[in-house]
Amino acid sequence: MILVISLILALIPLLGIVYIVVFGSPTTVDGLFMALILLSISAILGLNVMIELRKGKSAFALSRGVPRAPAGLVSYGSRLMARGKVKDVVFFESNVGQPNKSIVTLSDGGGAIQTLALEGDTRNALPVGQTVEITLRKEAGRNVLVDVSYA
């Protein structure tokens, strides 16, 4: 649907240029600059249409996909479990009154990479290169590390 809307919006400025040529004077400064502005708008929207077509998206295809949890993240009631080899742990210190965050990158060995945002400093609990099974819980919209099992 976005593709059709972008195509229509790309054609409307071209109609404005036709209007300037037929009813206005295309040789005046106003006419020239208006034509340039309309051409740039049309070119940007036309480029958007071309990129969408190149990505292989159909104009009439509806997304029927159901959002799923990332591969490797399994839900057990209020707990989430993730398993993989720790590729990287980055710690971000927040302002006073805000919780600190750790960004953990896990790999399942086959190329699928999973990124988790955890509350607190988990650098010592999740050593890089170690295969782990992480148990998390959601607390006020944040992931809190509950348990780590090393394989």
Side-chain angles (χ1 to χ4, degrees), residues 1-123 126 128-129 132 134-146:
M1 192 64 179
I2 297 293
L3 188 63
V4 174
I5 292 171
S6 291
L7 187 62
I8 291 170
L9 289 176
L11 294 176
I12 290 174
L14 296 177
L15 294 174
I17 293 172
V18 170
Y19 178 81
I20 289 172
V21 169
V22 172
F23 296 110
S25 57
T27 57
T28 64
V29 174
D30 288 342
L32 288 173
F33 277 107
M34 183 59 77
L36 285 173
I37 291 169
L38 291 173
L39 276 174
S40 64
I41 291 171
S42 183
I44 290 170
L45 291 167
L47 180 65
N48 182 36
V49 169
M50 288 177 50
I51 290 171
E52 290 295 324
L53 283 174
R54 190 167 227 199
K55 283 198 306 190
K57 290 187 177 182
S58 174
F60 302 105
L62 297 174
S63 63
R64 292 185 176 89
V66 177
R68 293 181 285 168
L73 195 61
V74 181
S75 176
Y76 293 107
S78 65
R79 307 280 172 138
L80 298 170
M81 291 185 73
R83 178 179 295 152
K85 185 175 183 178
V86 179
K87 298 287 266 185
D88 192 23
V89 179
V90 182
F91 176 66
F92 294 97
E93 205 168 321
S94 299
N95 294 330
V96 175
Q98 299 295 321
N100 295 329
K101 301 263 192 287
S102 291
I103 307 298
V104 179
T105 306
L106 298 176
S107 172
D108 67 354
I113 294 178
Q114 187 177 7
T115 304
L116 301 170
L118 303 175
E119 185 175 319
D121 188 0
T122 60
R123 292 178 288 184
L126 301 170
V128 175
V132 295
I134 303 171
T135 305
L136 313 169
R137 77 170 184 268
K138 291 278 190 182
E139 185 177 289
R142 300 182 188 106
N143 293 326
V144 179
L145 186 64
V146 174

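This structure is a prediction, so every number in the text was calculated from the model and none was measured.
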Atom of P99, atom of S94 and distance for their closest heavy-atom approach: O-OG, 2.8 Å
Closest heavy-atom pair and its distance - A82, L106: CB-CD1, 4.0 Å
Closest heavy-atom pair and its distance - I113, T105: CG2-CG2, 3.3 Å
Pairwise distance OH(Y19) to CE(M34) - rounded to 0.5 angstrom: 11.0 Å
pair L38-L14: side-chain heavy atoms closer than 4.5 Å: no
Close side-chain approach of F91 and N100, heavy atoms under 4.5 Å: yes
Interatomic spacing from CG in L126 to CG in D121 - rounded to 0.5 Å: 10.0 Å
CG on L116 to CG on L145, rounded to 0.5 Å: 10.0 Å
Criterion side chain to side chain contact (heavy atoms under 4.5 Å, CB included) against L136, the qualifying member of V146, V144, L118: L118
Test item: K138 and L80 side chains (from C-beta on) under 4.5 Å apart, heavy atoms: yes
Non-hydrogen side-chain atoms of M81 and I134 separated by less than 4.5 Å: no
Spacing of CG belonging to L47 relative to OG belonging to S40, to within rounding of 0.5 Å: 12.5 Å
Side-chain heavy-atom pair V104, T122 within 4.5 angstrom cut-off: yes
Main-chain N/O of V49 paired to S6 side chain as donor or acceptor, under 3.5 Å: no
Within 6.0 angstrom of K101 NZ, more than 12 heavy atoms from elsewhere: yes
T27 side chain reached by L32 side chain, heavy atoms, under 4.5 Å: no
Nearest atoms (heavy-atom pairs only) where L45 meets L9: CD1-O, 3.4 Å
Euclidean distance, Q114 CD relative to D108 CG, rounded to 0.5 Å: 8.5 Å
Donor-acceptor contact below 3.5 Å, side chain S102 vs main chain G120: yes
Separation of N95 CG from Q98 CD (nearest 0.5 Å): 7.0 Å
Distance-minimising heavy-atom pair for A117 and I103: CB-CD1, 3.9 Å
